[in-house]
Engineer: 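Below is a structure I'd like to ask you about.
Note on naming: letters A, B, ... go to the chains in the order of the sequence lines (proteins, then strands), and numbering restarts at 1 for each one.
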Amino acid sequence: MSREKIVELIEGAVAAAVEAGEIPPVADVSVALERPKRLEHGDWATNLALVLAKHTGARPRQVAEALARHIEPVPGVVSCVEVAGPGFINFRLAPEFVRGILFEIDARGDGFASSDAGGSRRVQVEFVSANPVGPLHVGHGRWAAYGDALVRVMERAGFDVQREFYVNDYGTQVANFGRSISARYMEALGREATFPESGYAGRYIVDIADRIVEEHGEEYADLPDEERSRLFADAEYPRMLESIRATCERMGVGFDVWFSERELYRKGEVERTLAELEERGEAYRSEGALWLKTSEYGDEKDRVLVRSNGEPTYFASDIAYHHDKMLRGFDLVIDIWGADHHGYVARMKAAMDAMGYGAEHLEVILGHLVRLYRAGEPVVMSKRTGDIITLDELLDEVGPDAARYFFLQRTSDSPLDLDIDLARKESPENPVYYVQYAHARICSILRFAAEQGAGDRVPSPRDVALLDTAAEMDLIRKLAELEETVVICARQRAPHRLTKYAEELAALFHVFYRDCRVVTEDEGLTAARMFLVKGVRRVLKITLGLLGVSAPDSM
RNA sequence: GCGCGUGUAGCUCAGUUGGAUAGAGCGAUGGCCUCCGGAGCCAUAGGUCGUGGGUUCGAGUCCCUCCACGCGCGCCA
């Protein structure tokens, strides 16, 4: 890749300048390299001279000129090196080197833009992790899209990543679920029932109860309430979990591991972890409860692990869970939580320290919520009242491609406003159609070319050299940006940048399409342009694939 | 009250460890189809980057004040 070539040149110049006594030694050169925003500033630029000047108090431009003196253009690679502005060194690549990316795309195929930037670091990403007591809501959809795209992007950037869904199938939520079904069941039979205070009011609970009545009639009516509730909870949460899995599947999101909280308890991992923390002197007893000294690791106060009634808290099992993750050998664990859990981050990180792993092995990404609107009016969403728009309903209305793309357009750490009426319009306001259209259009061109009998030989470098208009070169340069874009997305945990890349690439293609006819009388030019267009198609497909959005041949 | 997050064009939002003249889509206005898909392209208008200070060669980006909005602050999960 061109980046490495430029870094080489800069490193050489730095070494030469240091030897000549013109500048002090420099640690790392590669970080100072960036793509200028403006084309007239070249293909690559470094602010290294500015950074050096800052440390030494020298004049930035003088440092830049000293460095530039030690850099010679490389025929066929770098055509021009110049000092500009306050002290940037700009590099312009030779056109034939720029065009070389087309051959690279052709050679690497679907593996194009993958790199080893992540160094095969073992990473686990845990996301969605919804309680199996109700359907996924729209916010879950956002986190599913985000987590899944993040994993795809990190994989392509050379991380070894696993997807995990944590199933909270133990404790209060599941118990409430059972009690809610139980109450609806009794109501359906015309028996006396009081709906629990903290029950789930959603319509789906009634549906479940009705189904049980249909299948089993009054079979459970005379059981004690608690027993019936437990029975229903145990029988129904796996079904609910299955439907959650199916919804994720609809969005193209699959998990490598479904990890059960219940299993943690069953295997005694919670007990073991608590004992360990006590042995390490990180936990202590007070007021009849067991506390973790989280305040020693940056949390506001110590937190309860075991209540005075003997019941472990959710925090306790969560620590055991993260203990388990670390035992499984991950270098880094990324948790994606709803933003409403942000008060929980400090204590979980403190727990990582208390266990002796170090908080730096846990990264928490807070997925902000989705605010739903209908025709500009906010939709009140509450599990308490049961008034929610489910993810399935949204998928019914806008389809998985638009939903995923929409969710991925914004950074994860800001709230997302989603107007359902707007989203369901399927109008060009949703850029997913714009990008998909570019792909479909290319496929159409290639179909046309085939009808015309245009050959699809790999063009010679001389043919490819015919690609020299601004529209063609701009498009080619954009193709070369995918790999670094993927790396940035992975490092910043910011897959949303890829939607922007996709739109820019599509836009440049549309401009090219306007300016350049692909199928012409000129065989060499036709071959070259078909080669280019195929490269664009490949890159669009890879990009959309990373986002989890389909790349249709026609629309 | 304390903590976290967010304030960038009329609207929705991008903006690499601080870099060169702050971008895109939608909306608005005006143009472009004899010929590979007009779900497209081109042009124009639109900004004190919430406010006020600070750090420096340089701040949308870093630090502090204040304002607005969202979320959190349980022996809930």
Side-chain angles (χ1 to χ4, degrees), chain A residues 31-38 40-41 45 47 50-51 53-54 59-61 84-88 90 131 133 168 170-174 176 198 261 286-291 300-301 303-315 317-318 338-346 366 368-369 371 409-411 413-419 422 426-431 433-434 436-438 440-449 451-452 454 484-485 487-489 491-492 494 496-497 499-500 503-504 506-507 509-511 513-520 526 529-530 533 554-555:
Chain A
V31 292
L33 198 61
E34 61 186 24
R35 293 253 187 205
K37 289 191 193 108
R38 314 177 70 83
E40 60 261 39
H41 294 143
N47 64 348
L50 293 161
V51 175
K54 190 183 189 78
R59 284 240 191 82
R61 263 202 90 101
F88 291 97
N90 296 334
N131 293 325
V133 297
N168 298 126
Y170 180 95
T172 339
Q173 303 267 24
V174 173
N176 284 337
S198 50
E261 181 181 12
S286 171
E287 302 166 54
L290 184 69
W291 300 72
E300 293 169 3
K301 48 179 275 197
R303 306 290 177 175
V304 171
L305 294 169
V306 181
R307 303 179 184 97
S308 46
N309 68 4
E311 280 290 312
T313 59
Y314 180 80
F315 186 41
S317 60
D318 220 5
D340 52 343
H341 288 69
H342 73 247
Y344 196 75
V345 176
L366 297 172
H368 275 243
L369 305 171
R371 284 194 296 249
Q409 264 190 290
R410 290 160 182 74
T411 59
D413 57 4
S414 81
L416 173 72
D417 289 327
L418 173 52
D419 192 308
L422 193 69
E426 300 198 7
S427 64
E429 287 163 60
N430 192 331
Y433 298 108
Y434 181 79
Q436 288 182 320
Y437 179 64
R441 205 178 209 185
I442 291 171
C443 293
S444 170
I445 292 171
L446 294 175
R447 282 191 296 268
F448 176 83
E451 282 166 23
Q452 302 298 306
E484 71 209 52
T485 302
V487 171
I488 290 169
C489 287
R491 288 213 178 112
Q492 298 189 176
H496 74 277
R497 286 172 151 258
T499 63
K500 198 166 178 58
E503 287 158 38
E504 288 166 353
F509 167 72
H510 288 309
V511 170
Y513 177 83
R514 182 203 58 195
D515 289 352
C516 305
R517 207 184 150 77
V518 175
V519 182
T520 66
T526 300
R529 286 188 173 159
M530 281 181 66
V533 149
S554 63
M555 333 179 28

Engineer: Have a look at C71(B) and give me syn or anti from its glycosidic angle (syn if within 90° of zero).
Structural biologist: anti
Engineer: Is the base of G19(B) touched by the side chain of N47(A) through a donor-acceptor pair closer than 3.5 angstrom?
Structural biologist: yes
Engineer: Which nucleotide in the set A20(B), C41(B), A77(B) lies at the smallest distance from any side-chain heavy atom of N131(A)?
Structural biologist: A77(B)
Engineer: Taking side-chain hydrogen bond (donor to acceptor under 3.5 Å, both in side chains) as the definition, give me every residue that meets it alongside Y513(A), ordered by chain and number, with sequence neighbours left out.
Structural biologist: none
Engineer: Taking only side-chain N and O atoms of R517(A), does any of them lie within less than 4.0 angstrom of OP1 or OP2 on C35(B)?
Structural biologist: no
Engineer: Taking only the C1' atom of each, what is the distance from U48(B) to C2(B) in whole angstrom?
Structural biologist: 33 Å
Engineer: Which value, in whole Å, describes the distance between the P atoms of nucleotides G54(B) and G5(B)?
Structural biologist: 25 Å
Engineer: Return the nearest nucleotide to the side chain of D340(A); candidates are C36(B), C71(B), A20(B).
Structural biologist: C71(B)
Engineer: Please give the distance between the C1' atoms of G52(B) and U65(B) as a whole number of Å.
Structural biologist: 7 Å
Engineer: How far, in whole Å, is G46(B) from G25(B) if one measures between their C1' atoms?
Structural biologist: 14 Å
Engineer: Does G85(A) or R410(A) map to a spot on RNA chain B nearer the 5' end, using the closest nucleotide for each?
Structural biologist: R410(A)
Engineer: Select one nucleotide: of A39(B), A20(B), G72(B), the one nearest the side-chain heavy atoms of M555(A).
Structural biologist: A39(B)
Engineer: Between K500(A) and G15(B), is there a contact of a side-chain N or O with OP1 or OP2 at under 4.0 Å?
Structural biologist: no
Engineer: Does any non-hydrogen side-chain atom of V133(A) lie less than 4.5 Å from one of N176(A)?
Structural biologist: no
Engineer: Separation of E300(A) atom CD from C4(B) atom P, in whole Å?
Structural biologist: 9 Å
Engineer: Compare all side-chain heavy atoms of R497(A) with those of I488(A) and state whether any distance is below 4.5 angstrom.
Structural biologist: yes
Engineer: Please determine, for the side chain of H496(A), which listed nucleotide (A14(B), C41(B), U16(B)) has the closest atom?
Structural biologist: A14(B)
Engineer: Quickly work out the F509(A) CZ to C36(B) P distance and round it to whole Å.
Structural biologist: 13 Å
Engineer: Round to the nearest Å and state the distance from L50(A) atom CG to G58(B) atom P.
Structural biologist: 12 Å
Engineer: Name the nucleic acid region contacted by E261(A), choosing base, sugar-phosphate or nothing; use a 4.0 angstrom heavy-atom cut-off, strictly under.
Structural biologist: nothing
Engineer: Looking only at N and O atoms, is any donor in the side chain of S444(A) or the base of C36(B) less than 3.5 Å from an acceptor on the other one?
Structural biologist: no
Engineer: Rounding to a whole Å, what distance do you find between D318(A):CG and A77(B):P?
Structural biologist: 10 Å
Engineer: With the side chain of H342(A) defined as its heavy atoms from C-beta on, choose the nearest nucleotide among C4(B), A77(B), G40(B).
Structural biologist: C4(B)
Engineer: Taking any heavy-atom pair under 4.0 Å as a contact, classify A440(A): base, sugar-phosphate, or nothing.
Structural biologist: base
Engineer: Could you tell me how far C71(B) sits from C13(B) if I compare only their P atoms? Round to whole Å.
Structural biologist: 16 Å
Engineer: Determine whether M530(A) and V518(A) make a side-chain contact, defined as any pair of heavy atoms from C-beta on separated by less than 4.5 Å.
Structural biologist: yes
Engineer: For Watson-Crick and G-U wobble pairs within 3.5 Å on both distances, what is RNA chain B written in dot-bracket notation, | included for inter-strand pairing?
Structural biologist: (((((((..((((.....[...)))).(((((.......))))).....(.(((..]....))).))))))))....
Engineer: Choosing from A24(B), U16(B), A20(B), which nucleotide comes nearest the side chain of I488(A)?
Structural biologist: U16(B)
Engineer: Does the ring of Y434(A) lie flat against the base of G25(B), closer than 5.5 Å centre to centre with planes under 30°?
Structural biologist: no
Engineer: Taking the P atom of each, how far is C41(B) from G53(B), in whole Å?
Structural biologist: 43 Å
Engineer: Reading RNA chain B from 5' onward, which residue's closest nucleotide shows up sooner: R38(A) or C443(A)?
Structural biologist: R38(A)
Engineer: Does C75(B) have its OP1 or OP2 closer than 4.0 Å to a side-chain nitrogen or oxygen of K301(A)?
Structural biologist: yes
Engineer: Shortest non-hydrogen contact from L50(A) to P86(A)?
Structural biologist: CD2-O, 3.6 Å
Engineer: Tell me whether the OP1 or OP2 atom of G37(B) has a side-chain N or O from S554(A) closer than 4.0 Å.
Structural biologist: no
Engineer: Write down the distance separating the C1' atoms in U29(B) and C66(B), rounded off to the nearest Å.
Structural biologist: 40 Å
Engineer: To the nearest angstrom, how far is R303(A) atom CZ from A77(B) atom C1'?
Structural biologist: 14 Å
Engineer: Establish, with yes or no, whether the OP1 or OP2 oxygen of G74(B) is under 4.0 angstrom from a side-chain nitrogen or oxygen of Y344(A).
Structural biologist: no
Engineer: Expressed as a whole number of angstroms, how long is the span from H510(A):NE2 to G25(B):P?
Structural biologist: 12 Å
Engineer: State whether the distance check finds a donor on one side and an acceptor on the other, under 3.5 Å, for side chain N90(A) versus base A20(B).
Structural biologist: yes
Engineer: From the set A20(B), C41(B), C75(B), return the single nucleotide nearest to any side-chain atom of A45(A).
Structural biologist: A20(B)
Engineer: Students often get this wrong, so: under 4.0 angstrom with heavy atoms, is Y513(A) touching a base, only sugar-phosphate, or nothing?
Structural biologist: base
Engineer: Is it the case that the side chain of R61(A) and the backbone of G85(A) share a donor-acceptor pair, with hydrogens and angles ignored and the cut-off at 3.5 Å?
Structural biologist: yes
Engineer: Ring stacking, H41(A) with base of A20(B), under 5.5 Å and under 30°?
Structural biologist: yes
Engineer: At their closest point, which heavy atom of A440(A) faces which heavy atom of R447(A), and how far apart are they?
Structural biologist: O-NH2, 4.3 Å
Engineer: Using atom CG of L305(A) as one end and atom P of C76(B) as the other, report the distance to the nearest whole Å.
Structural biologist: 13 Å
Engineer: Give a yes/no answer on whether the side chain of H341(A) brings an N or O atom under 4.0 Å of OP1 or OP2 in C4(B).
Structural biologist: no
Engineer: Just to confirm, is there a sub-4.0 Å distance from OP1 or OP2 of A77(B) to any side-chain nitrogen or oxygen of R307(A)?
Structural biologist: yes
Engineer: Below 30° counts as parallel, above 60° as perpendicular, anything between as tilted: where do the rings of Y344(A) and F315(A) land?
Structural biologist: perpendicular
Engineer: Between G37(B) and C26(B), how far is it from one C1' atom to the other, in whole Å?
Structural biologist: 23 Å
Engineer: Ignoring hydrogens, what is the shortest heavy-atom contact between R517(A) and T520(A)? Give both atom names and the distance.
Structural biologist: O-CG2, 3.4 Å
Engineer: Could you measure the distance from the CG atom of L305(A) to the OG atom of S317(A)? Nearest 0.5 Å is fine.
Structural biologist: 10.5 Å
Engineer: Round to a whole Å and report the spacing from CD of E504(A) to P of C41(B).
Structural biologist: 14 Å
Engineer: Give V518(A) one of three labels, base, sugar-phosphate or nothing, depending on what nucleic acid heavy atoms sit under 4.0 Å from its own.
Structural biologist: base
Engineer: Quick one: is Q492(A) getting a side-chain N or O under 4.0 Å of the U17(B) phosphate, OP1 or OP2?
Structural biologist: yes
Engineer: Which pair of non-hydrogen atoms, one from R410(A) and one from H496(A), has the smallest distance, and what is that distance?
Structural biologist: O-CB, 3.5 Å
